[in-house]
Chemist: 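For reference, the structure I am asking about is given below.
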Amino acid sequence: MKQRNRIAFFNILSTVVLKGSAFFTGMLFARLLGGSGYGSLKLYNISVSIVTILFSLQTQTTLANARVEYPEEAQKGYQSSAMTLSVLFFGMCTGIVLLFLRPVSSLLNLTPVLIFLLLFQAFGNFCVEFLNKKNVYEFRAGWNMILSLVMTLVPLALAVVLILQMPYETRYVGRVIANSLSYGVVGTAVCIGILLRGKTFYCREYWKFCLVLALPAVFHNLSDLILNQMDSLMLNALMNTAAVGYYGNAWGFANFLFILFQALNNIWCAYFFEDMKTGGRESLLEKSRNFLEVFTILACGFMLLAPEVYHVYAPKEFWVATMVIPLFTAAYYVNFLCTFPVNFEYYHKRPKAVAVITVSSSLMNLVLNFVFIKTIGMAGAAVATLASHGLQLVLHHVYSRRLGDYPFPVKLWGGYALGFCAVLAVVLLLPDAWFIRWPLGAVLGIFMLLRISRRKVLI
């Protein structure tokens, strides 16, 4: 139990520090950059994420399956082979971009210098994520903690120094340079280290195994990114960059909850694949109930306290987006429920189905954004995302049941979902009643601590 809790604690903390830097720094950069600057940075980061997914082939998503498929002594060889595949494809795509640099620069509305920085950061992002996944599935939480601290503190310090030297209108470029140099340099070192340790640059069997799983993951992750970021792109097209900044800052604040989900999900996924491999169904269901309970309470507590905390977090200029935070929270909660069928599909090597469902939800999101943003502005973008995640959950659940022996029926998670909906109703109906919401949040927090104390494990 102690080792399980220690691994859980450090994996959660490292993921929160590594991926939650946008939340921790949002308060600072909202004040340094203003609405338009924050919006420009948000749009640039979306471009980085798209390039990272497309150019890397997302080979890091196959590491969990590889641990099930191959013995321990083959893992380093598989990892270096998968990394080689990504490096070669990333290099080829980069060459094409540089060959058509002018039209690409015009299409993205970025200068050639920013295109170079974008490519360097995207490669670094992939390599750091590759190492993060490797450490999670090898239960090396301490190393992930060190990686997270480096990738949070170094770019933050460098960004502040650069921003303060720049004119107010272009300050966001300082953050861009800091992120690109930090992730690019560290990512390159990670890449070289993995290649040298594995020393298997080409293996036909590994490449075939990797591509079969990774290519659908590209479409899934890209569609998932579009599903979550199409609202910002549409707001930029239908409203203005400042609206993107306000909306993006609220999204970054609410995204802290999603970071907690990713941290918990990393732990649960490692146990999920292990229990499915060994046939430990009862153990899996126990951990799943713990996961459902913990995240449901976290999501409810976050939602209850969010309005007042956000008014401390963001300058008054950004408060117009407070109304969308409960909708963001609901979308993240539905996305959390999707993790159960999605991981079941991945275990059974059905990544194509995952990709098709995500693409379908993204197309729906595109249409709904166009309709709702025109009618109710920022709130419309958040409603569109929530509805699209709802469709995603329904499709994944229906498909997973068809695979047979699906261990996560509606009765397992339905009660938790109803509890979340009840709290959501309280927040939406009583937006100013902090004297009701805060005590309720405190009661939920105490309840969760008592439950964890009784069972002696987090998940």
Side-chain angles (χ1 to χ4, degrees), residues 58 61-69 133 137 209 212-228 258 261-262 264-296 299 330-365 385-418 420-421 459:
Q58 294 293 273
T61 62
T62 69
L63 297 181
N65 293 92
R67 294 197 68 80
V68 175
E69 186 76 13
K133 292 291 185 185
Y137 293 120
F209 177 85
V212 167
L213 296 174
L215 289 178
V218 170
F219 291 99
H220 166 66
N221 289 342
L222 183 62
S223 299
D224 202 40
L225 175 69
I226 293 171
L227 180 60
N228 287 295
F258 188 65
F261 156 65
Q262 288 181 307
L264 293 168
N265 191 49
N266 280 342
I267 301 165
W268 181 82
C269 279
Y271 292 128
F272 168 78
F273 279 92
E274 186 67 25
D275 287 339
M276 289 292 288
K277 181 180 178 180
T278 59
R281 187 183 180 92
E282 288 303 316
S283 175
L284 173 61
L285 290 176
E286 177 195 352
K287 295 183 182 78
S288 299
R289 291 189 192 97
N290 293 343
F291 188 16
L292 281 161
E293 179 184 289
V294 168
F295 189 76
T296 300
Y332 288 142
Y333 187 77
V334 175
N335 199 20
F336 151 70
L337 294 177
C338 285
T339 196
F340 297 99
V342 166
N343 281 294
F344 186 75
E345 290 158 10
Y346 271 123
Y347 179 80
H348 287 284
K349 299 177 183 176
R350 296 291 195 278
K352 291 180 182 177
V354 177
V356 169
I357 291 172
T358 310
V359 169
S360 301
S361 302
S362 298
L363 292 175
M364 177 181 173
N365 189 42
T385 300
L386 174 57
S388 301
H389 280 304
L391 173 65
Q392 203 174 18
L393 175 61
V394 171
L395 294 177
H396 278 304
H397 182 76
V398 171
Y399 179 76
S400 292
R401 289 188 63 188
R402 294 179 59 189
L403 295 177
D405 197 32
Y406 181 55
F408 309 117
V410 173
K411 65 180 181 180
L412 178 70
W413 52 265
Y416 297 99
L418 287 175
F420 174 84
C421 289
I459 290 181

Chemist: Check this for me: Phe219, atom CZ, are more than 12 non-hydrogen atoms of other residues, nucleotides or ligands nearer than 6.0 Å?
Modeler: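 Not buried by this count: 12 neighbours or fewer within 6.0 Å.
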
Chemist: side-chain hydrogen bond (donor to acceptor under 3.5 Å, both in side chains) with Ser400: which of Arg350, Glu345, His348?
Modeler: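 With Ser400 as partner, Arg350, Glu345, His348 yield a single side-chain hydrogen bond (donor to acceptor under 3.5 Å, both in side chains), made by Glu345.
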
Chemist: Let me confirm one number: the OG1-NE2 distance from Thr339 to His396, rounded to the nearest 0.5 Å.
Modeler: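 Taking OG1 in Thr339 and NE2 in His396, the distance rounds to 10.0 Å.
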
Chemist: Only one of Asn335, Leu337, Asn365, Val334 clears side-chain contact (heavy atoms from CB on, under 4.5 Å) with Gln392; which?
Modeler: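 Among the candidates, only Asn335 passes.
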
Chemist: Using 0.5 Å steps for rounding, measure from the CG atom of Leu386 to the CG atom of Leu391.
Modeler: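 Result: 11.5 Å between the selected atoms.
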
Chemist: Could you tell me if the side chain of Leu292 sits less than 4.5 Å from the side chain of Phe336, heavy atoms only?
Modeler: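 Sidechains of Leu292 and Phe336: in contact.
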
Chemist: Let me confirm one number: the CZ-CH2 distance from Phe420 to Trp413, rounded to the nearest 0.5 Å.
Modeler: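 So the gap between those two atoms works out to 13.0 Å.
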
Chemist: Counting the benzene-type ring for Trp, do His389 and Tyr333 have ring centres under 6.0 Å apart?
Modeler: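 That pair fails the under 6.0 Å test.
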
Chemist: Quick one: ring pair (Phe, Tyr, Trp, His ring centres under 6.0 Å) partners of Phe209, sequence neighbours excluded?
Modeler: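 Expected list: Tyr70, Tyr78.
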
Chemist: Not counting sequence neighbours, which residues clear side chain to side chain contact (heavy atoms under 4.5 Å, CB included) with Leu284? List them please.
Modeler: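 Once residues adjacent in sequence are excluded, the partners of Leu284 under the side chain to side chain contact (heavy atoms under 4.5 Å, CB included) criterion are Trp268, Phe272, Asp275, Met276, Ser288, Pro407, Phe408.
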
Chemist: What residues form a side chain to side chain donor-acceptor pair (under 3.5 Å) with Ser361, not counting sequence neighbours?
Modeler: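 By the side chain to side chain donor-acceptor pair (under 3.5 Å) rule, Ser361 matches no residue at all.
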
Chemist: Tell me if a side-chain donor or acceptor on Asn343 pairs with a main-chain N or O of Cys269 at a distance below 3.5 Å.
Modeler: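 The answer is no, because no donor-acceptor pair under 3.5 Å joins these two groups.
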
Chemist: Output, in order, the C-alpha distance, side-chain angles, deciding distance and verdict of ring pair (Phe, Tyr, Trp, His ring centres under 6.0 Å) for Phe258 and Phe261.
Modeler: CA-CA 5 Å; Phe258 188 65; Phe261 156 65; 5.5 Å; yes

Chemist: Restricting to non-hydrogen atoms, name the atom on Tyr271 and the atom on Lys287 that form the minimum distance, rounded to 0.1 Å.
Modeler: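 Smallest interatomic distance, heavy atoms only, reads CB-CD, 3.5 Å.
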
Chemist: Are any of the side-chain heavy atoms of Tyr406 and Pro341 separated by less than 4.5 Å?
Modeler: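 SC-SC contact between Tyr406 and Pro341 confirmed.
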
Chemist: With side chain to side chain contact (heavy atoms under 4.5 Å, CB included) as the test, would you mind laying out the steps for Asn265 and Phe291 before giving the verdict?
Modeler: CA-CA 8 Å; Asn265 191 49; Phe291 188 16; 3.9 Å; yes

Chemist: Got a second to check how far Phe344's CZ is from Asp405's CG, nearest 0.5 Å?
Modeler: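 The CG atom of Asp405 is 6.0 Å from CZ of Phe344, to the nearest 0.5 Å.
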
Chemist: Can you find a pair of side-chain heavy atoms, one from Tyr399 and one from Val354, that are under 4.5 Å apart?
Modeler: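 A side-chain contact under 4.5 Å is absent here.
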
Chemist: With heavy-atom distances below 4.5 Å as the criterion, would you say the side chains of His397 and Phe340 are in contact?
Modeler: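 No; the side chains remain at least 4.5 Å from each other.
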
